[in-house]
Amino acid sequence: VTGSTTPLPDIPPSLAATNTSCTQTVTLTWGFMPGVSGYVVYRDNVAIDTVAASVTSFIDQVPQADVIYNYMLRALNVCGQGAAAGPVQG
């Protein structure tokens with residue numbers, strides 16, 4: 001069987017994290033990437049959510065205030081494969 005391969009997306013650009021300890025949240029932001037099917041958000045190497053391709057930010061309600069968490073973001077192609085940006089701390 002002959003088929004084409006689905007290209008892997010690039011690393012999501014400009015991943016940044018902002019910690020707001022008074023609300024116990026970390027806000028992640030990144031640049032838009034055309035051609036991806038979605039993103040997976042990781043906190044401390046554990047997938048915590050999947051978001052749509054049109055999304056360029058994510059608010060994480062963290063388990064504990066005043067703790068530094070490491071975040072990664074993986075851009076996915078239609079096969080669920082892709083490259084990760086990070087880690088960033090928040």
Side-chain angles (χ1 to χ4, degrees):
V1 174
T2 303
S4 63
T5 59
T6 303
L8 293 178
D10 291 331
I11 294 172
S14 307
L15 178 62
T18 304
N19 186 330
T20 308
S21 61
C22 64
T23 59
Q24 216 169 312
T25 60
V26 173
T27 301
L28 300 176
T29 57
W30 59 91
F32 176 75
M33 291 184 64
V36 301
S37 63
Y39 303 93
V40 179
V41 179
Y42 295 84
R43 180 194 326 120
D44 292 337
N45 295 317
V46 175
I48 58 170
D49 208 349
T50 301
V51 296
S54 60
V55 173
T56 57
S57 66
F58 177 82
I59 298 174
D60 182 27
Q61 186 73 39
V62 296
Q64 187 174 351
D66 300 323
V67 172
I68 301 296
Y69 296 97
N70 292 301
Y71 290 89
M72 292 190 314
L73 182 72
R74 183 176 304 278
L76 303 175
N77 64 15
V78 295
C79 297
Q81 303 165 325
V88 294
Q89 292 185 334

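Of all non-hydrogen atoms in Leu8 and Gln81, the two that sit nearest each other are CD2-CB, 3.4 Å. Of all non-hydrogen atoms in Gly90 and Ala17, the two that sit nearest each other are CA-CB, 4.0 Å.
One finds the CD atom of Gln61 at 6.5 Å from the OG1 atom of Thr25 (value rounded to the nearest 0.5 Å). Here the OG1-CG distance, from Thr27 to Asn19, works out to 9.0 Å after rounding to the nearest 0.5 Å.
Cluster annotation: Leu28 is not connected to Ile11 through the hydrophobic network of ILVMFWY side chains, with a link wherever side-chain heavy atoms come within less than 4.5 Å. Under a hydrophobic-cluster definition in which Ile, Leu, Val, Met, Phe, Trp and Tyr are linked whenever side-chain heavy atoms come within less than 4.5 Å, directly or via other members, Val41 and Val62 are assigned to the same cluster. Hydrophobic clustering of Ile, Leu, Val, Met, Phe, Trp and Tyr side chains at less than 4.5 Å, counting indirect connections, keeps Tyr71 apart from Ile59. In terms of hydrophobic clustering, with Ile, Leu, Val, Met, Phe, Trp and Tyr side chains grouped at heavy-atom distances under 4.5 Å, Ile48 and Leu15 are assigned to a common cluster. Cluster annotation: Val55 is not connected to Val40 through the hydrophobic network of ILVMFWY side chains, with a link wherever side-chain heavy atoms come within less than 4.5 Å.
Partners of Arg43 under the salt bridge (charged side-chain N to carboxylate O under 4.0 Å, His left out) rule, at least two apart in sequence or in another chain, are Asp60. Residues that satisfy the side-chain contact (heavy atoms from CB on, under 4.5 Å) test with Val67, not counting sequence neighbours, are Gln64, Tyr69. Scored by the side-chain contact (heavy atoms from CB on, under 4.5 Å) test, Pro9 finds Met33, Val36, Ala75, Asn77 as partners (sequence neighbours excluded). In this structure Ser57 satisfies the side-chain contact (heavy atoms from CB on, under 4.5 Å) test together with Thr29, sequence neighbours excluded. Applying the side-chain contact (heavy atoms from CB on, under 4.5 Å) criterion to Val78, with sequence neighbours excluded, gives Thr6, Ser37.
Asp44 contributes a side-chain N or O that, together with a main-chain N or O of Asn70, makes up a donor-acceptor pair within less than 3.5 Å.
Within the structure, every pair that satisfies the ring-ring contact (aromatic ring centres under 6.0 Å, His included) test and touches residues 9-60, not counting sequence neighbours, is listed here: Trp30-Tyr39.
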